[in-house]
Amino acid sequence: MTTLDRPTTTGADTPRSTRTDDRPLRRELGLANIFSHGFLLVWAALTVLPLLWMFLSSFKSDGEILSDPWGLPGALRFENWSRAWTEAHIGRYFLNSAVVVAGSLTLTMLFGAAAAYVFARYEFRGRQIVYYLFVGGMMFPVFLALVPLFFVVRNAGLFGSWTGLMLVYAAYSLPFTVFFLTAFFRTLPTSVAEAALIDGCGHFRLFFRVMLPMARPGLISVAIFNFLSHWNQFILPQVLMQGDDSKWVLAQGLTALAVSQGYQGDFSGLFAGLTIATLPVLAVYVAFQRQIQVGLTAGQLK
């Protein structure tokens with residue numbers, strides 16, 4: 001091939017053609033970014049604005065809520081919060097919820113982590129069948145089991161007790177906990193466990209001293225999800241905690257407050273009670289949002 005037969009290209013032509021080819025791709029990426037950011041902004045507004053409106057309404061008077069529902073409060077009326085805490089017994093319901101959620105979360109994490117560790121690390125006959133029985137519980141909503149669950153709890157002598165409510169909370173949280181932690185335990189290195197066994201560490205000590213600390217990101221993530229689920233639970237307390245209102249949890253107290261204030265017109269106390277119930281959820285999410293992200297992505301990065 002002679003020099004005359006070779007295609008002649010200049011240095012200016014190559015980058016010009018490259019820029020021309022890249023323009024449609026860059027335009028598509030730009031449109032996708034605009035759409036995704038716009039969707040996230042709309043979603044953030046739909047999430048934040050109702051919470052902000054509820055928080056501001058908790059400082060208003062009843063007249064301000066009815067006459068100017070979208071305006072700012074004329075003054076910060078903290079007496080609305082104290083009235084909801086004492087007169088509406090939100091403080092008592094808050095403490096009851098804290099006790100129930102603490103007990104149910106402890107049971108869920110202890111038994112869920114132990115079961116997930118066994119499914120992820122040990123081979124035995126019927127392991128897959130038992131695992132899928134656990135995971136299959138995620139397919140059944142709680143509404144399908146309310147009637148038989150009512151009779152089971154009543155026949156066991158746990159109806160209207162915190163113990164019965166804790167056990168039910170833990171039972172309904174185990175499928176998701178086992179499913180999440182089983183996948184997480186499988187990502188942990190086996191060399192550390194084998195070295196601990198060679199050094200004379202028993203199975204129970206290996207689980208509590210070695211594997212649980214290594215699985216801390218996953219444990220924190222699933223614990224936060226379970227906390228939010230238990231704290232916001234509504235239908236189970238309504239069915240299983242009838243009777244003595246001194247044992248009611250926060251969901252029942254807010255329901256009673258909404259019904260009673262609907263006739264009395266104390267809407268400021270109602271908004272204050274709703275804000276008090278929402279604060280723990282927001283505090284947990286703000287404090288542990290980084291741990292949630294680490295726990296969700298740790299299994300993919302290893």
Side-chain angles (χ1 to χ4, degrees), residues 40 43-44 46-48 50-51 94 96-120 131-146 149 162 165-188 207-208 211-240 249-251 254 274 276-302:
L40 291 176
W43 182 265
L46 293 176
T47 304
V48 174
L51 295 176
F94 187 95
N96 293 346
S97 292
V99 172
V100 172
V101 171
S104 62
L105 192 60
T106 302
L107 293 174
T108 302
M109 297 307 300
L110 178 61
F111 292 106
Y117 174 71
V118 171
F119 290 138
Y131 171 74
Y132 286 122
L133 287 176
F134 266 100
V135 177
M138 299 173 59
M139 298 188 300
F140 297 94
V142 65
F143 300 98
L144 295 180
L146 284 179
L149 186 62
W162 290 346
L165 199 59
M166 291 178 189
L167 292 176
V168 174
Y169 279 7
Y172 270 97
S173 301
L174 277 178
F176 172 74
T177 304
V178 171
F179 173 76
F180 186 96
L181 292 181
T182 299
F184 193 87
F185 275 119
R186 287 173 178 168
T187 64
L188 300 180
F207 173 67
F208 287 104
M211 303 308 295
L212 282 185
M214 292 176 61
R216 182 180 177 183
L219 293 173
I220 293 177
S221 299
V222 74
I224 293 173
F225 287 131
N226 287 327
F227 169 81
L228 299 178
S229 175
H230 294 180
W231 187 268
N232 296 325
Q233 184 59 245
F234 174 76
I235 189 64
L236 289 177
Q238 296 290 343
V239 175
L240 303 178
V249 296
L250 198 54
L254 289 175
L274 292 173
I276 293 173
T278 308
L279 287 179
V281 177
L282 295 178
V284 168
Y285 179 77
V286 171
F288 296 100
Q289 58 177 336
R290 181 170 299 178
Q291 284 80 355
I292 295 176
Q293 297 174 0
V294 171
L296 292 177
T297 58
Q300 300 177 0
L301 297 177
K302 293 184 179 180

Report summary line: Value for CG (L250) from CG (L274), rounded to nearest 0.5 Å, stands at 9.0 Å
Requested in this report: Look at the rings of Y117 and F207 and say which category their plane angle falls in: under 30° parallel, 30 to 60° tilted, over 60° perpendicular.
Outcome: tilted
Query raised in the report: Got more than 12 heavy atoms from elsewhere within 6.0 Å of CZ, R186?
Result: yes
Query - Distance, nearest 0.5 Å, that separates OH of Y169 from OG1 of T108 - result: 11.0 Å
Report task. Take V168 and Y172 through the test side chain to side chain contact (heavy atoms under 4.5 Å, CB included) and record every step on the way to the result. Result -> CA-CA 6 Å; V168 174; Y172 270 97; 3.9 Å; yes
Report task. Would you mind reporting whether V239 and L149 have side-chain heavy atoms less than 4.5 Å apart? Result -> no
Report task. Return yes if some donor-acceptor pair links the side-chain N/O of S104 with the main-chain N/O of V101 below 3.5 Å, else return no. Result -> yes
Report summary line: Separation between CG (L167) and CH2 (W162), nearest 0.5 Å, reads 14.5 Å
Report task. State, with a plain yes or no, whether a side-chain heavy atom of P280 is found less than 4.5 Å away from one of F94. Result -> yes
Report summary line: Separation between OH (Y132) and CZ (F179), nearest 0.5 Å, reads 9.5 Å
Query raised in the report: Rounded to the nearest 0.5 Å, how far apart are CD1 of I220 and CE of M109?
Result: 9.5 Å
Report task. Determine the interplanar angle of the F176 and F180 rings, folded into 0 to 90°, and report it as parallel if under 30°, tilted if 30 to 60°, perpendicular if over 60°. Result -> tilted
Under 3.5 Å, side-chain donor or acceptor atoms of residues 222-229 against the rest of the protein: list the pairs with distances, not counting sequence neighbours.
| unit_1 | atom_1 | unit_2 | atom_2 | d |
| --- | --- | --- | --- | --- |
| N226 | ND2 | T177 | OG1 | 3.0 |
| N226 | ND2 | V222 | O | 3.1 |

Report summary line: Between the OG1 atom in T182 and the CZ atom in F134, the distance rounded to the nearest 0.5 Å is 9.0 Å
Query raised in the report: Taking the side chain from W231 and the backbone from A277, do they hold a donor-acceptor pair closer than 3.5 Å?
Result: yes
Report summary line: Nearest heavy-atom contact between V178 and G112 is CG2-O, 4.0 Å
